[in-house]
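The residues of the chain are indexed from 1 along the displayed sequence.
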Amino acid sequence: MGKGFYISKTLGVVGIILGLGALATIIALSVVYTQEKSKNEVKPTEGVVMTTTTPIPTTSIPTPTTTSNPSPSNDPWDQYRLPDTLRPEFYTLTLWPRLQMDQNGMYIFTGSSSVVFTCMKETDLILIHSNKLNLTTFDGYLARLTTVGSATGPAIEATWLQLETQYLVVQLSGMLTVGQSYQLDTEFQGELADDLGGFYRSEYVEDGVKKVVATTQMQPTDARKAFPCFDEPAMKAIFHITLIHEPGTVALSNGMDKETVNTTIDGIAVTRTTFEPTEKMSTYLLAFIVSDFTYIESWEKNVLIRVWARRKAIDEGQGEYALNVTGPILKFFENYYNATYPLSKSDQIALPDFNAGAMENWGLITYRETALLYDRTRSSNGDKETIATIISHELAHMWFGNLVTMNWWNDLWLNEGFATYVSYLGANDAEPEWGVKDLMVLYDVHGVFAIDALASSHPLSSREDEINKPEQINELFDGITYSKGASVLRMLSNFLSEPVFAKGLQTYLNQFAYSNTVYMDLWNHLQQAVDSTPSLSLPHSVNDIMNRWILQMGFPVVTINTRTGELSQKHFLLDPESVVDRPSEFNYEWYVPITWTRTGAQQNPFWLLQKTATHEPLKMTGTDWVLANINVAGYYRVNYDISNWERLLNQLNSDHQVIPVINRAQIVDDAFNLARAKMVDTTLALRTTKYLSQEREFMPWESAIGNLDYFFLMFDRSEVYGPMQTYLRNQVGPLFMHFKNITSDWTKIPTGHTDQYNQVNAIRLACSTGVEGCQELTRNWYQQWMKDSANNPIHPNLRTTVYCSAIAAGGAEEWDFGWKMFKTATIATEADKLMYALACTKQPWLLKRYLEYTLDPTKIRKQDATFTIRYIAGNVVGQTLAWDFIRERWEYIFSQYGGGSFSFSSLIDGVTRRFSSEFELKQLRRFKDDNANVGFGSATLAVEQAIERTAANIKWVTENKDPVMKWFLSELPPQETSA
């Protein structure tokens with residue numbers, strides 16, 4: 001699955017410039033995966049949470065009298081994992097979603113399912129997942145069992161719903177026979193809720209008419225909300241799907257539709273669409289959709305490619321870029337995997353309401369509109385890159401994840417980390433001029449370092465028995481899984497070489513097609529590729545090297561002493577005084593691939609295999625300097641002796657282009673984070689920004705802005721803020737003028753892909769810090785638009801920046817205009833830019849009103865509510881308002897959105913990132929205690945991380961406030977030091 005709420009790269013760029021000036025900018029966005037809960041849960045009419053170990057016959061099941069969980073027992077129905085007694089073979093599933101409200105004011109669906117399964121071990125019990133479904137009875141029981149063939153089998157003795165573990169339990173009168181196949185039939189009704197999980201509804205308005213889409217999001221554990229099923233990834237089966245729907249609507253599923261007929265059911269005119277059976281696949285990859293969408297199509301060899309969306313979106317050409325890029329990316333992955341795409345069609349559909357960025361349903365990929373639809377005149381350069389990389393991510397899954405699937409969710413990182421890594425390869429092949437592979441360092445490697453440097457981080461791969469409950473599974477959809485997974489696989493590919501890495505993937509996919517694996521299977525196949533490459537020599541096996549990176553949390557900092565040639569490694573922690581209470585069999589020691597250069601000349605790589613070692617070539621004399629981890633290929637930070645740091649700084653100030661662009665960004669990022677960890681002086685980190693007045697490249701500027709973000713978060717409410725802002729204004733001024741000149745006074749757009757991103761940085765930072773002429777520029781553009789709302793003069797690349805700047809500098813009139821444009825926007829990416837910018841206002845009453853809007857899905861869609869709250873919290877004016885809002889309404893917010901993973905964890909992160917006082921730490925701990933009974937769901941770890949981060953912030957501010965203030969003052973011209 002795509003990692004949650006994807007935003008345009010332009011919006012991401014602006015998002016990490018925090019707290020600059022009175023403009024009150026917004027907090028950097030995390031990628032988000034949400035799985036929100038419905039307000040109107042379907043309550044089973046039959047069934048009870050068991051409080052005894054004796055099965056209760058269906059005919060006498062009492063109504064539950066308590067909502068408390070049962071005491072744990074050793075009974076199979078109280079365990080969250082299915083027993084290994086049964087294996088599904090195929091399902092025959094018919095579903096009928098109603099796109100109109102019933103007499104009770106609800107949207108419902110009805111359905112019937114037959115699953116044929118084989119008995120693998122003798123048992124008298126059938127456990128099959130079922131959640132929030134009203135099951136119809138067969139002769140008093142909630143299911144019907146028949147034996148396939150002429151054999152006779154046991155009868156059903158009792159059935160009930162075990163609510164806590166989400167099972168339909170079928171107790172039999174005798175044992176099932178090993179090797180024999182049986183069929184279990186169920187009929188059911190569920191709510192087509194707006195909870196964005198399972199089989200749900202999405203709504204939109206077109207030409208003044210409200211329209212409803214019935215759609216799905218099964219990952220990770222919501223197929224059971226659509227029909228009773230063996231809802232675990234290893235329980236693969238073939239699915240025969242039929243959808244009944246209103247005449248005039250179209251039905252889609254994983255397979256190609258093979259028959260569509262008009263008929264009547266109980267006197268109601270309907271259309272019945274039957275689909276080709278699926279390949280053998282996991283339940284979480286199922287999809288079925290009913291809508292009145294339309295599509296455009298093309299062919300890639302024998303594969304039909306279709307892009308579906310709202311009719312107006314298709315008519316306006318918003319699906320064309322996705323269609324054009326899908327074929328080349330699909331072809332790239334066929335070559336990369338050396339395996340033909342296994343299906344006959346690839347449908348991609350843009351949904352108005354969707355909790356993730358995208359979902360890799362086999363043959364029917366679902367997307368947020370912002371992740372698939374591109375308008376040539378109104379979407380930005382960043383929107384286009386986002387769409388290309390998301391499509392690449394999802395198509396990568398068609399093989400790695402769908403064809404071959406992890407055995408259990410503890411190895412989710414293998415699916416998502418791999419797809420994240422190769423998404424850059426696929427997008428790079430489709431758009432080679434972008435240089436998108438390099439941007440992974442900013443978006444993923446540097447991004448996840450911040451999480452993985454906490455004592456409350458976690459390993460990539462957990463033990464299988466540690467991940468059981470749905471909320472534990474949801475919690476795995478985080479930055480560690482996606483970005484660290486991608487980063488260590490990128491490192492692995494680098495030291496193996498891409499051809500060897502791809503060769504191992506190819507044999508892995510070939511052997512395990514249509515089955516399930518554990519990560520060790522991939523290591524074994526990569527080792528086979530290594531063994532068949534005589535020129536490649538590793539110090540240890542792939543297994544021994546990589547297990548140190550995935551089975552223990554964190555990463556090392558490698559310290560190089562260029563006077564002695566000595567180097568060492570240790571577990572890098574942002575707070576060196578934090579206590580790591582998670583044991584590691586490897587004692588937080590890694591096998592580290594060291595690549596390095598000597599004064600610009602690349603040297604032979606080597607391995608650091610112990611805590612300490614000596615490498616004689618690292619000894620430097622004179623003005624020679626060492627730079628390690630070339631292109632940040634390795635997942636580690638680098639520190640040096642102070643003499644080498646000084647030589648690197650001298651090189652940056654004298655001729656920075658001698659150092660590769662990625663490593664210029666690395667020097668800044670490493671220095672700032674080493675300073676936070678008290679490994680170098682904070683003023684050393686600040687000195688890495690002095691050369692920026694000469695820098696014109698995006699990556700170093702992005703790295704610097706992202707790291708100065710922390711300083712603004714800590715100091716934008718203190719006297720340090722003024723000198724800091726003035727210093728940065730002086731640094732960004734030349735960049736602002738550079739772009740003003742090359743764009744002919746802002747009348748053109750730079751030609752380079754990342755130059756367009758850096759133009760956004762230049763304007764945003766210049767306006768935030770008061771560079772002369774910048775605020776007038778953005779205000780004039782916005783006012784022109786206000787005078788003629790049908791003709792927006794602002795280039796799409798610059799809209800997030802201009803909207804935010806103008807709304808922050810304005811009042812109610814500017815805000816209300818932005819709100820009007822947000823509500824009438826027909827392009828999802830345009831709506832996102834406005835949704836973000838509306839949080840930039842400096843008026844507390846407008847921010848409070850905006851917070852209240854998040855509780856009304858007619859104003860802010862449920863999929864966007866948590867992000868809006870985070871945007872407001874990123875505004876220094878809105879910080880306290882958002883925090884009070886969260887505390888006052890936590891129970892409601894949790895009930896609505898608490899099922900998600902990224903959504904809730906990023907919400908907690910967003911509203912607490914600025915916390916740096918004892919008072920705020922006490923509030924946070926009180927918040928944790930006060931809501932212990934409500935719970936935090938997938939944000940449980942995020943709360944602990946927020947407490948840890950706040951405690952570290954307090955210490956950092958105490959130790960650094962005075963020296964940071966003095967340094968900024970010392971760097972200002974005399975006429976500007978009055979602050």
Side-chain angles (χ1 to χ4, degrees), residues 1-2 6 8 202 204 206 211 213-217 249-257 273 275 285 287-334 341 343-354 356-379 383-398 402 423 426-427 429-431 826-832:
M1 178 171 60
Y6 279 88
S8 74
S202 172
Y204 65 100
E206 197 166 72
K211 298 189 176 182
V213 178
T215 186
T216 54
Q217 171 58 34
T249 60
V250 63
L252 299 172
S253 189
N254 304 82
M256 183 70 77
D257 53 298
T273 300
F275 299 89
L285 295 170
F288 19 90
I289 300 172
V290 173
S291 71
D292 76 343
F293 285 5
T294 189
Y295 67 94
I296 51 178
E297 69 177 37
S298 66
W299 289 84
E300 176 61 39
K301 294 182 180 178
N302 296 321
V303 178
L304 173 63
I305 299 171
R306 297 185 293 192
V307 172
W308 297 79
R310 294 176 289 107
R311 291 180 178 273
K312 279 198 170 183
I314 294 295
D315 291 345
E316 292 175 358
Q318 295 181 37
E320 290 177 2
Y321 178 71
L323 185 70
N324 293 338
V325 81
T326 296
I329 294 175
L330 202 60
K331 182 179 179 181
F332 168 81
F333 282 122
E334 285 191 321
Y341 177 69
L343 306 179
S344 63
K345 60 106 170 174
S346 177
D347 279 326
Q348 301 182 95
I349 187 167
L351 298 167
D353 300 283
F354 190 64
M359 178 61 209
E360 66 267 20
N361 313 303
W362 218 1
L364 178 53
I365 305 173
T366 46
Y367 295 82
R368 278 194 178 215
E369 289 193 345
T370 52
L372 191 67
L373 302 182
Y374 176 82
D375 184 273
R376 284 173 292 181
T377 61
R378 291 176 286 180
S379 298
D383 296 333
K384 182 182 264 191
E385 185 194 310
T386 295
I387 291 166
T389 52
I390 295 173
I391 289 174
S392 184
H393 181 110
E394 304 311 326
L395 292 179
H397 274 309
M398 298 301 105
N402 296 9
S423 70
D429 187 79
E431 300 282 6
T826 59
I827 308 293
T829 52
E830 176 72 3
D832 271 11

Peer 1: Kindly indicate whether the side chain of L373, heavy atoms from C-beta on, has any atom under 4.5 Å from the side chain of T829.
Peer 2: no
Peer 1: Starting at CG of N402, measure out to NE2 of H397 and round the result to the nearest 0.5 Å.
Peer 2: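 Here the interatomic distance stands at 7.5 Å.
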Peer 1: Going from CE on M256 to CZ on F275, what distance comes out if it is rounded to the nearest 0.5 angstrom?
Peer 2: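 Between M256 CE and F275 CZ, I get 10.5 Å after rounding to 0.5 Å.
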Peer 1: To the nearest 0.5 Å, tell me how far Q217 CD sits from L351 CG.
Peer 2: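 That separation rounds to 9.5 Å.
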Peer 1: Determine, step by step, whether I314 and F293 satisfy the side-chain contact (heavy atoms from CB on, under 4.5 Å) criterion, reporting the C-alpha distance in whole Å, the side-chain angles of both residues, the deciding distance to 0.1 Å, and the verdict.
Peer 2: CA-CA 9 Å; I314 294 295; F293 285 5; over 6 Å; no
Peer 1: Can you confirm whether I390 sits close enough to L372 that some side-chain heavy atom of one is under 4.5 Å from a side-chain heavy atom of the other?
Peer 2: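 No - every pair of side-chain heavy atoms lies 4.5 Å or more apart.
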Peer 1: Any non-hydrogen side-chain atom of T215 less than 4.5 Å from a side-chain atom of F354?
Peer 2: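 Heavy-atom side-chain distance check fails, nothing below 4.5 Å.
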Peer 1: How long is the span from the CG atom in N361 to the CE atom in M1, to the nearest 0.5 Å?
Peer 2: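 Nearest 0.5 Å value for the CG-CE distance: 10.0 Å.
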Peer 1: Apply side-chain hydrogen bond (donor to acceptor under 3.5 Å, both in side chains) to Y341 and list each qualifying residue two or more places apart in sequence or on a separate chain.
Peer 2: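 Per chain and number, Y341 pairs via side-chain hydrogen bond (donor to acceptor under 3.5 Å, both in side chains) with no residue.
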Peer 1: Has N254 got a side-chain atom pairing as donor or acceptor with A287's backbone, closer than 3.5 angstrom?
Peer 2: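 A pair under 3.5 Å: yes.
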Peer 1: Is the shortest heavy-atom distance from the side chain of I827 to the side chain of E316 under 4.5 Å?
Peer 2: yes
Peer 1: Under a 4.5 Å cut-off applied to non-hydrogen side-chain atoms, are M398 and W362 in contact?
Peer 2: yes
Peer 1: List the steps, then state whether side-chain contact (heavy atoms from CB on, under 4.5 Å) holds for S346 with L395.
Peer 2: CA-CA 9 Å; S346 177; L395 292 179; 4.1 Å; yes
Peer 1: Tell me whether K331 at atom NZ has more than 12 heavy atoms from other residues, nucleotides or ligands lying less than 6.0 Å away.
Peer 2: no
Peer 1: Please report the shortest heavy-atom distance between A371 and G357, naming the atom on each side.
Peer 2: CB-O, 3.5 Å
Peer 1: For the atom pair CZ (F332) and OG (S392), what is the distance rounded to the nearest 0.5 Å?
Peer 2: 7.0 Å
Peer 1: Can you list everything that forms a salt bridge (charged side-chain N to carboxylate O under 4.0 Å, His left out) with E320? Sequence neighbours excluded, please.
Peer 2: R376
Peer 1: Which pairs of donor and acceptor atoms, one on a side chain in residues 295-311, lie under 3.5 Å apart (sequence neighbours left out)?
Peer 2:
unit_1: R306; atom_1: NE; unit_2: D347; atom_2: OD1; d: 2.7
unit_1: R306; atom_1: NH2; unit_2: D347; atom_2: OD1; d: 3.4
unit_1: R306; atom_1: NH2; unit_2: D347; atom_2: OD2; d: 2.9
unit_1: W308; atom_1: NE1; unit_2: D347; atom_2: OD1; d: 3.0
unit_1: R310; atom_1: NE; unit_2: E369; atom_2: OE2; d: 2.6
unit_1: R310; atom_1: NH2; unit_2: E369; atom_2: OE1; d: 3.3
unit_1: R310; atom_1: NH2; unit_2: T826; atom_2: O; d: 3.4
unit_1: R311; atom_1: NE; unit_2: D292; atom_2: O; d: 2.8
unit_1: R311; atom_1: NH2; unit_2: D292; atom_2: O; d: 3.4

Peer 1: Do side-chain atoms of K384 reach the backbone of S379 as a donor and acceptor pair under 3.5 angstrom?
Peer 2: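 Checked: no pair found.
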Peer 1: Dump the intermediate steps for side-chain contact (heavy atoms from CB on, under 4.5 Å) on L364 and I349, then the final yes or no.
Peer 2: CA-CA 7 Å; L364 178 53; I349 187 167; 4.1 Å; yes
Peer 1: Under 4.5 Å between any side-chain heavy atoms of Y367 and I391, yes or no?
Peer 2: yes
Peer 1: Between P328 and D429, which heavy-atom pair has the shortest distance, and what is it?
Peer 2: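 P328 and D429 have their closest heavy atoms at O-OD2, 4.2 Å.
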Peer 1: Any side-chain to backbone donor/acceptor pair from T366 onto A358? Under 3.5 Å, distance only.
Peer 2: no
Peer 1: Would you check if R378 and E830 make a side-chain contact, meaning some heavy-atom pair closer than 4.5 Å?
Peer 2: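 Result no, sub-4.5 Å side-chain heavy-atom pair not found.
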Peer 1: With rounding to the nearest 0.5 angstrom, report the CD1 to CD distance, I329 to E431.
Peer 2: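 Here the rounded value is 8.0 Å.
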